[in-house]
Protein chains: 2
Amino acid sequence: MVNQRADARRNYERILEVAEDVVAEQGTQASLREVARRAGVGLGTLYRHFPTRDALLEALLRQHFDDLAEAARELSAGPPVEALEEWLRRFLAGSTTYRGLAQLLMTADASSPLDASCQAMREAAGQLLARAQEAGHVRSDVDRTDVFALVSALSWIAEQAPALADRTEHLFGLVMTAIRG
Amino acid sequence: MVNQRADARRNYERILEVAEDVVAEQGTQASLREVARRAGVGLGTLYRHFPTRDALLEALLRQHFDDLAEAARELSAGPPVEALEEWLRRFLAGSTTYRGLAQLLMTADASSPLDASCQAMREAAGQLLARAQEAGHVRSDVDRTDVFALVSALSWIAEQAPALADRTEHLFGLVMTAIRG
DNA sequence: ACCTGAACACCGTTCAAGT
DNA sequence: ACCTGAACACCGTTCAAGT
């Protein structure tokens, strides 16, 4: 990692930059061939640096997950339910920015670098949920997985049709109501 | 339609039969090439009978949608909220049987034969919702689109991970709570 | 060490050629 | 009238050959 050739490092950075753009345009299912093409790099070079799509996305989203984990810790100073709601709102915003991300996170198992990369975030969010539950403001029969699933589902809905994207805030309110009991 | 050649009619039926199997195995995104292959028919023949994937799926699901529409009419004789809940449960069951169907219905616009094919069903379900609202048992600020979106989202969740599929019933309960207010 | 791109095995879709 | 399958334009992934 430290003593790699200068051209290798340049290629790595270049691929990430281009991937950022392409994912912003086409979502997380964007063509890796196109990423290599736009980066002016051979297809094999892309695979050498990022053996799987998830590895590339993990490098792309690492900072995003860390930011969300940090946000959860900061919010934990405030009122329990409001903190949870605000955090979920930010998580949702991120999921809709990176089209298809909700699905990836939902299907990511231990073999995916994405899974490892967002564990700290999941943990921190879990604390927010637990605190809201202890305060008696959130049903005790919902767990972390339920909450992530529901909010991810909202992101999925918004991705399906622009008409539904307009109602995301409304649907988010319904889900919060459901969680509160 | 009536006076088509016997071989054409046989091919049409054969493709539908095979598609049923392949969709059951691989979901609505199954390879059309494989359908043609298994049906022992040229790829062009498949496209001649079903110009788009949606056209094939529409032929496959027409009966299913009609059944759901009929079920809605029958249930409308019973108690409003229970009727709505029971119907949504059946809709959800269908969406999880045909993997990927929830997404197709969500994205289907007027150009898709799937859209036309399930309009009667949507209409009948809308009546159930309206009745439950008139009875004051469902929030007045949710509409048909919201309800379909939320229940389709549950189907999406179940498709993502087997672990989550087990919790579908629980999540369905949460959504019903949200809708009741 | 690292990069390249051809090669392979798949898609969906179209259409000229056959019967 | 209908059927066939090659052709085209795409994928993801691997790997021999180059520097």
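We name chains A, B, ... by the order of the sequence lines, and we start the count at 1 in each one.
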Neighbours of DNA chain C within residues 99-115 of chain A, by heavy-atom distance under 4.0 Å: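 Contacting residues: none.
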
Note, F50(B) side chain near L57(B) side chain (heavy atom, < 4.5 Å):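 Counting from C-beta outward, F50(B) and L57(B) never come under 4.5 Å.
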
Integer-rounded Å distance: [N] [atom2] and [X] [atom1]:
| X | N | atom1 | atom2 | answer |
| --- | --- | --- | --- | --- |
| R48(A) | dC2(C) | CZ | P | 5 Å |
| I15(A) | dC2(C) | CD1 | C1' | 12 Å |
| L46(B) | dT4(D) | CG | C1' | 13 Å |
| D7(B) | dC2(D) | CG | P | 8 Å |
| R14(A) | dC2(C) | CZ | C1' | 19 Å |

Salt bridge (charged side-chain N to carboxylate O under 4.0 Å, His left out): pairs with one or both residues in residues 93-105 of chain B, sequence neighbours excluded: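 Every candidate salt bridge (charged side-chain N to carboxylate O under 4.0 Å, His left out) pair involving residues 93-105 of chain B fails, so no pair, neighbours aside, qualifies.
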
Heavy-atom donor-acceptor pair, E159(A) side chain to G100(A) backbone, under 3.5 Å: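 Answer holds: yes.
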
Return all side-chain donor-acceptor pairs below 3.5 angstrom for residues 169-181 of chain A, not counting sequence neighbours, or 'none' if the list is empty.
unit_1  : atom_1 : unit_2  : atom_2 : d
E169(A) : OE1    : R89(A)  : NH1    : 2.7
E169(A) : OE2    : R89(A)  : NH1    : 2.6
H170(A) : ND1    : R167(A) : NH2    : 3.3
H170(A) : ND1    : D146(B) : OD2    : 3.4
H170(A) : NE2    : D141(B) : O      : 3.0
T177(A) : OG1    : G173(A) : O      : 2.9
R180(A) : NH2    : E85(A)  : OE1    : 2.9

Secondary-structure string, 5' to 3', Watson-Crick or G-U under 3.5 Å, | for another-strand partners, for DNA chain C: ||.|||||...|||||.||

Residue pairs, two or more places apart or on separate chains, that pass side-chain hydrogen bond (donor to acceptor under 3.5 Å, both in side chains) and touch residues 35-49 of chain A: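 Qualifying pairs, neighbours excluded: E25(A)-R38(A), E34(A)-R38(A).
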
Selection residues 50-59 of chain A - residue pairs positive for side-chain hydrogen bond (donor to acceptor under 3.5 Å, both in side chains), sequence neighbours left out: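 Sorted pair list: D54(A)-S112(A), E58(A)-R62(A), E58(A)-S117(A).
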
Contact list for residues 97-130 of chain B, test ring pair (Phe, Tyr, Trp, His ring centres under 6.0 Å), sequence neighbours left out: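 Pairs touching residues 97-130 of chain B that pass the test: H64(B)-Y98(B).
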
Set of residues satisfying side-chain contact (heavy atoms from CB on, under 4.5 Å) with respect to [X], sequence neighbours excluded:
| X | value |
| --- | --- |
| Q133(A) | L129(A), V138(A), V142(A) |
| Q119(B) | D115(B) |
| A135(A) | P80(A), H137(A) |

With F65(B) via ring-ring contact (aromatic ring centres under 6.0 Å, His included) - residues at least two apart: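 Partners of F65(B) under the ring-ring contact (aromatic ring centres under 6.0 Å, His included) test: none.
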
Contact letters for nucleotides 9-19 of chain C, in which S counts primed atoms plus P, OP1 and OP2 and B counts the base, heavy atoms under 4.0 Å: --BBBBB----

N11(B) side-chain N/O to dC3(D) phosphate OP1/OP2 under 4.0 Å: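 Answer is yes, contact under 4.0 Å.
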
dC3(D) phosphate, OP1 or OP2, under 4.0 Å from H49(B) side-chain N/O: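 H49(B) to dC3(D) OP1/OP2: side-chain N or O found under 4.0 Å.
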
Spacing of the P atoms in dA1(C) and dT14(D) (rounded, Å):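 One P to the other, the span is 22 Å.
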
